[in-house]
Amino acid sequence: MFIRPCILKGNIDELVVELLSSDKEQGEWGYKSLLISIDNENFYLFGGYVDEELVCIASLYKNEDISRINDVFTKKDKRGKGYGSQLIYFITDFNDKILKTISYLYAHNPNAIKVYKKAGYEEIDVIVRGCYWLE
């Protein structure tokens, strides 16, 4: 099944809260992270829907000519179905065609790393660029 990806406008609605609450440990951290960034004009929040259900989210933060993908989260009972992967492909395409920046992310979860590699991301050694660390 394919998701319907979209950009969620600058608010955290009840659907996002419901999604994040599906995993207490990761969801609480994700919610706090979103609260910090949601009002920034360079912050984009994306959602993936199956029918009318929000099943995954991820964010993209742009700073000049570089963007970072953050807060990738799939509803706990929807994991392993490729929904997060589809959203990463959508965000990568959005970044390449609309923002036209270099995008990066940080990952340590082996399953997530597989997804990112399939989407074209490459593992690199630590690079310092301004105040950013790319790993």
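Here, residue 1 is the first one in the sequence, and each next residue gets the next number. All values reported here derive from a predicted model rather than from experimental measurement.
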**Request:** Any chance you could measure Phe73, atom CZ, to Leu87, atom CG, to the nearest 0.5 Å?
**Result:** 13.0 Å
**Item:** Least distance between heavy atoms, Ala119 atom then Thr92 atom
**Value:** O-CG2, 4.4 Å
**Asked** So how far is it from Glu64 CD to Asn42 CG, rounded to the nearest 0.5 Å?
**Response** 9.5 Å
**Message:** Please find the pair of heavy atoms, one from Leu45 and one from Ser59, that lie closest to each other, and give the distance.
**Reply:** CD1-CB, 4.3 Å
**Message:** Show the nearest heavy-atom pair for residues Thr74 and Cys56, with the distance to one decimal.
**Reply:** OG1-CB, 3.6 Å
**Item:** Same cluster (ILVMFWY, side-chain, under 4.5 Å), Tyr83 and Tyr89
**Value:** no
**Message:** For Ile7 and Phe94: C-alpha separation, side-chain torsions, deciding distance, then whether side chain to side chain contact (heavy atoms under 4.5 Å, CB included) applies.
**Reply:** CA-CA 10 Å; Ile7 299 175; Phe94 172 88; 3.5 Å; yes
**Fill in**
Residues Leu54 and Tyr49: closest non-hydrogen pair is N-CD2, 3.6 Å
**Prompt:** Does some side-chain heavy atom of Tyr44 sit less than 4.5 Å from a side-chain heavy atom of Leu99?
**Reply:** yes
**Prompt:** Once you round to the nearest 0.5 Å, how far does CD1 of Ile66 lie from CG of Asn63?
**Reply:** 8.0 Å
**Message:** Determine whether a donor-acceptor pair (N or O, by modelled atom type, separation under 3.5 Å) exists between the side chain of Asp51 and the backbone of Glu53.
**Reply:** no
**Request:** Report yes if some heavy atom in the side chain of Tyr116 is under 4.5 Å from a heavy atom in the side chain of Glu123; otherwise report no.
**Result:** no
**Item:** Asn95 side chain to Thr101 backbone, donor-acceptor under 3.5 Å
**Value:** yes
**Message:** If I take atom NZ from residue Lys114 and atom CG from residue Asn109, how far apart are they, to the nearest 0.5 angstrom?
**Reply:** 9.5 Å
**Minimum heavy-atom distance between Phe90 and Phe46, given as atom pair plus value** = CE2-CD2, 3.6 Å
**Request:** Applying side-chain contact (heavy atoms from CB on, under 4.5 Å) between Leu60 and each of Ile69, Leu105, Asn70, report the one that passes.
**Result:** Ile69
**Asked** Where is the tightest heavy-atom contact between Lys78 and Val55, given as atom of each residue plus distance?
**Response** CG-CG1, 3.9 Å
**Request:** On the 0 to 90° scale, with breaks at 30° and 60°, tag the Tyr106-His108 ring pair as parallel, tilted or perpendicular.
**Result:** perpendicular
